[in-house]
A.B. asks: 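Provided herewith is a single structure, encoded as C-alpha cells, for subsequent inquiry.
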Amino acid sequence: MTLILGIETSCDETAASVVKDGRVVLSNVVASQHELHERYRGVVPEIASRAHLENILPVIQQSLHEAGIELDNVDAIAVGNRPGLIGSLIVGVSAAKALAWSTGKPLIDIDHVQAHLYAAAVANIQDKNDLPPAPEFPAIGLVVSGGHTTLYEMNSPLEIKAIGRTIDDAVGEAYDKAAVILKLGYPGGPRIDKLASEGDPTAYELPRSMLKPGSLDFSFSGLKTALLYAVRGKPIGRGKSAVFERDAEDLSNQEIANLAASFQAAAIDAVIKKLKRTVNQMRKNDEQASPKSLIIGGGVSANTHLRERATDFAKRYQLKLHIPAFEYTQDNAAMIAGLADTHFKNGQFADLSMPAIATSKNL
Ligand code: KG4
Ligand code: ZN
C-alpha cells in the first residue's frame with residue numbers, strides 16, 4: 001500500500017489530500033479564497049499568496065487528521081509545482097520541501113495540468129470495487145479550466161502531447177469575463193451555468209470560432225466581444241471614450257438568463273466541435289492510434305451543459321468518457337497525490353532544488 005500526501009497552491013485554492021494507491025481518496029481538504037477575491041472580480045496574486053501562507057499548515061494538518069494518519073505514515077510528499085501564479089506555487093513548494101527535508105520522505109513534483117487529466121481516476125470510496133474504471137489508451141485529453149483550454153493525445157497518464165490550445169482566452173476565463181459583462185460576480189463559471197438553466201440558449205446567435213479548417217486550436221475572445229455588444233449595444237466612439245447604449249442593469253432577469261444560456265451554448269459547442277475534429281483526424285491518420293477514451297478535467301468540467309454534451313459525444317463516437325466527480329473538477333490536491341503514485345512507482349522523484357515554475361511544461 002502506498003500513501004501519498006499531495007499539496008496544491010497554484011491559484012486561489014489551498015489544498016491538501018492523502019490518497020491511497022493512487023486512487024482511493026482518504027482526505028480532500030480545500031480552503032477556497034473566493035470571498036477574498038470576489039470584490040476584485042478576479043484573483044489578485046499578492047492576496048492569494050498571503051492567504052496560502054496562512055492556510056497551508058492548517059490545511060495539511062486537517063488532511064492528515066481526516067485521513068486518520070500521521071505524517072510519518074506517508075510514503076511520499078507531492079506538490080503541484082507548475083504551472084500557476086508564482087507567488088502561490090512557492091508557498092506549496094516550500095511547504096512540501098520542508099516536510100520532505102524534515103521527515104526524509106521522497107518529494108514528487110507534479111504538473112497541475114497533467115493532474116487535472118488524472119482527476120477522473122480518484123474517488124472517495126470504502127470498497128475498491130467502486131473505483132471508477134481506469135481509462136484505456138490511446139485517449140483524447142481535454143483540460144478546460146481558468147488557465148487552460150488544451151487538447152492532448154495521451155498514451156498514458158504521463159505520456160501526453162498537446163495537439164490544440166487556445167490562442168487567446170481559456171474557456172473558464174471567458175466564463176469569468178462573461179459574468180463580469182453580465183454583472184454576475186466572481187467566479188463566473190458556476191453562476192452562468194446555474195442561470196443558463198433558466199434561459200433560452202437560442203435567444204441570441206453568438207459565434208463559435210472554428211479557426212482555420214483542420215485547426216484544433218480554440219479562440220474565445222470573439223465570443224466575449226459578441227456577448228459584450230449583445231448586452232450593451234454597439235459602442236459610439238472608440239477606446240476609453242466609447243459610450244454604450246445600455247448596460248446589464250438595464251436588462252430584465254429573463255434577458256440576462258437568455259444571454260447566459262446563449263453564451264454557454266456557444267462556448268460549449270465550440271469545445272465539442274473541436275473534439276469532433278480531433279477524433280476524426282486521429283482516426284483518419286492512423287487506425288492503430290484511434291482513441292479509445294475521452295478524458296476531461298479542469299474547473300469547467302463541472303459544467304452541466306459540457307457534461308451532457310460530452311456524454312452524448314462520447315457515446316456517438318464510441319469513446320469511454322472519464323470525467324471527474326464534481327469535487328475533483330476544481331483545483332484540489334487529490335489529483336496531485338493520485339498522479340504522484342505513478343511517479344512513485346516509476347521512481348521519478350524531485351530533490352530539494354525543485355523550482356516553482358509559472359508556465360506549463362512544453363508537452
Ligand atoms: O481548474 P480550476 O479550478 O482552476 C484553474 O486551474 O484555472 O478552474 C477554474 C475555472 C474558473 O474559470 C471557473 O469559472 C470555471 O473553472 N468553472 C466553471 C464551472 N465551475 C467552475 N465554468 C463553467 N461552468 C461551471 N460549472
Ligand atoms: Zn486547475
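Atoms within a ligand are numbered from 1 in the order they appear, just like the ligands themselves. Reckoned from all heavy atoms, side chains included, excluding hydrogens, waters and symmetry mates. The structure presented is a predicted model; accordingly, all values stated were derived computationally and were not measured. All residue numbers refer to positions in the sequence shown, counting from 1.
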A.B. asks: In sequence, state the C-alpha distance, the side-chain angles, and the governing distance for Arg165 and Asp217, and then conclude on salt bridge (Lys or Arg N to Asp or Glu O under 4.0 Å).
C.D. replies: CA-CA 5 Å; Arg165 52 175 64 76; Asp217 290 336; 5.4 Å; no

A.B. asks: Kindly determine whether Phe263 and Tyr175 satisfy ring pair (Phe, Tyr, Trp, His ring centres under 6.0 Å), including the steps that lead there.
C.D. replies: CA-CA 8 Å; Phe263 168 84; Tyr175 263 91; 5.1 Å; yes

A.B. asks: With a 4.0 Å heavy-atom cut-off (strictly under), which part of Asp176 contacts ligand 1: side chain, backbone, both or neither?
C.D. replies: side chain

A.B. asks: For the Zn ion (ligand 2), which N, O or S atom of Asp331 is at the shortest distance?
C.D. replies: OD1

A.B. asks: Please give the atom name: the N, O or S atom of His116 nearest to the Zn ion (ligand 2).
C.D. replies: NE2

A.B. asks: If you count the non-hydrogen atoms of other residues, nucleotides and ligands that lie under 6.0 Å from CZ in Arg50, is the total more than 12?
C.D. replies: no

A.B. asks: Do Ser221 and Asp169 pair up side chain to side chain, a donor and an acceptor below 3.5 Å, judged on atom types alone?
C.D. replies: no

A.B. asks: Below 2.8 Å, any N, O or S contact between His112 and the Zn ion (ligand 2)?
C.D. replies: yes

A.B. asks: With the side chain counted from C-beta on, respond yes when His322 and Tyr118 share a heavy-atom pair under 4.5 Å apart, and no when they do not.
C.D. replies: no

A.B. asks: Just need the protein heavy atom nearest to atom 17 (N) of ligand 1, so name the residue and atom and give the distance.
C.D. replies: Gly299 O, 3.6 Å

A.B. asks: Could you establish whether His116 and ligand 1 come within less than 4.0 Å of each other, counting only heavy atoms on the residue side?
C.D. replies: yes

A.B. asks: Return the residue, atom name and 0.1 Å-rounded distance of the protein heavy atom closest to atom 26 (N) of ligand 1.
C.D. replies: Asp193 OD2, 2.9 Å

A.B. asks: Geometry only, no angles: is Glu13 polar-contacting ligand 1 at N/O separations under 3.5 Å?
C.D. replies: no

A.B. asks: If only side-chain N and O atoms count, and only distance matters, is there a donor-acceptor pair under 3.5 Å linking Gln264 with Asn303?
C.D. replies: yes

A.B. asks: Nearest protein heavy-atom contact for atom 22 (N) of ligand 1: which residue, which atom, what distance?
C.D. replies: Gly189 CA, 3.3 Å

A.B. asks: Go through the side-chain N and O atoms of Thr2 and Asp75 and say whether any donor and acceptor fall under 3.5 Å apart.
C.D. replies: no

A.B. asks: Counting both backbone and side chain atoms, is some N or O of Asn303 under 3.5 Å from an N or O of ligand 1?
C.D. replies: yes

A.B. asks: Is the count of non-hydrogen atoms from other residues, nucleotides or ligands lying under 6.0 Å from Asn253 atom CG greater than 12?
C.D. replies: no

A.B. asks: Give the numbers and elements of all ligand 1 atoms closer than 4.0 Å to a heavy atom of Gly172.
C.D. replies: 12 (O)

A.B. asks: Checking contacts here: is it the side chain or the backbone of His112 that comes within 4.0 Å of ligand 1, counting heavy atoms only? Could be both or neither.
C.D. replies: side chain

A.B. asks: Around atom CD of Gln126, are there more than 12 heavy atoms of other residues, nucleotides or ligands at under 6.0 Å?
C.D. replies: no

A.B. asks: His116 and Ser301: side-chain donor and acceptor closer than 3.5 Å?
C.D. replies: no

A.B. asks: How many angstroms lie between atom NZ of Lys20 and atom NZ of Lys128, to the nearest 0.5 angstrom?
C.D. replies: 6.0 Å

A.B. asks: Run down the list Gly80, Ser32, Gly146 and name the one with the heavy atom closest to atom 5 (C) of ligand 1.
C.D. replies: Gly146

A.B. asks: Where's the contact between Asp331 and ligand 1, heavy-atom distance under 4.0 Å: side chain, backbone, both or neither?
C.D. replies: both

A.B. asks: Is the shortest N/O to N/O distance between Pro187 and ligand 1 below 3.5 Å?
C.D. replies: no

A.B. asks: Does ligand 1 have an atom that lies less than 4.0 angstrom from a heavy atom of Gly147?
C.D. replies: yes

A.B. asks: Would you mind checking which non-hydrogen protein atom is closest to atom 15 (C) of ligand 1, with the distance to 0.1 Å?
C.D. replies: Val300 CG2, 3.9 Å

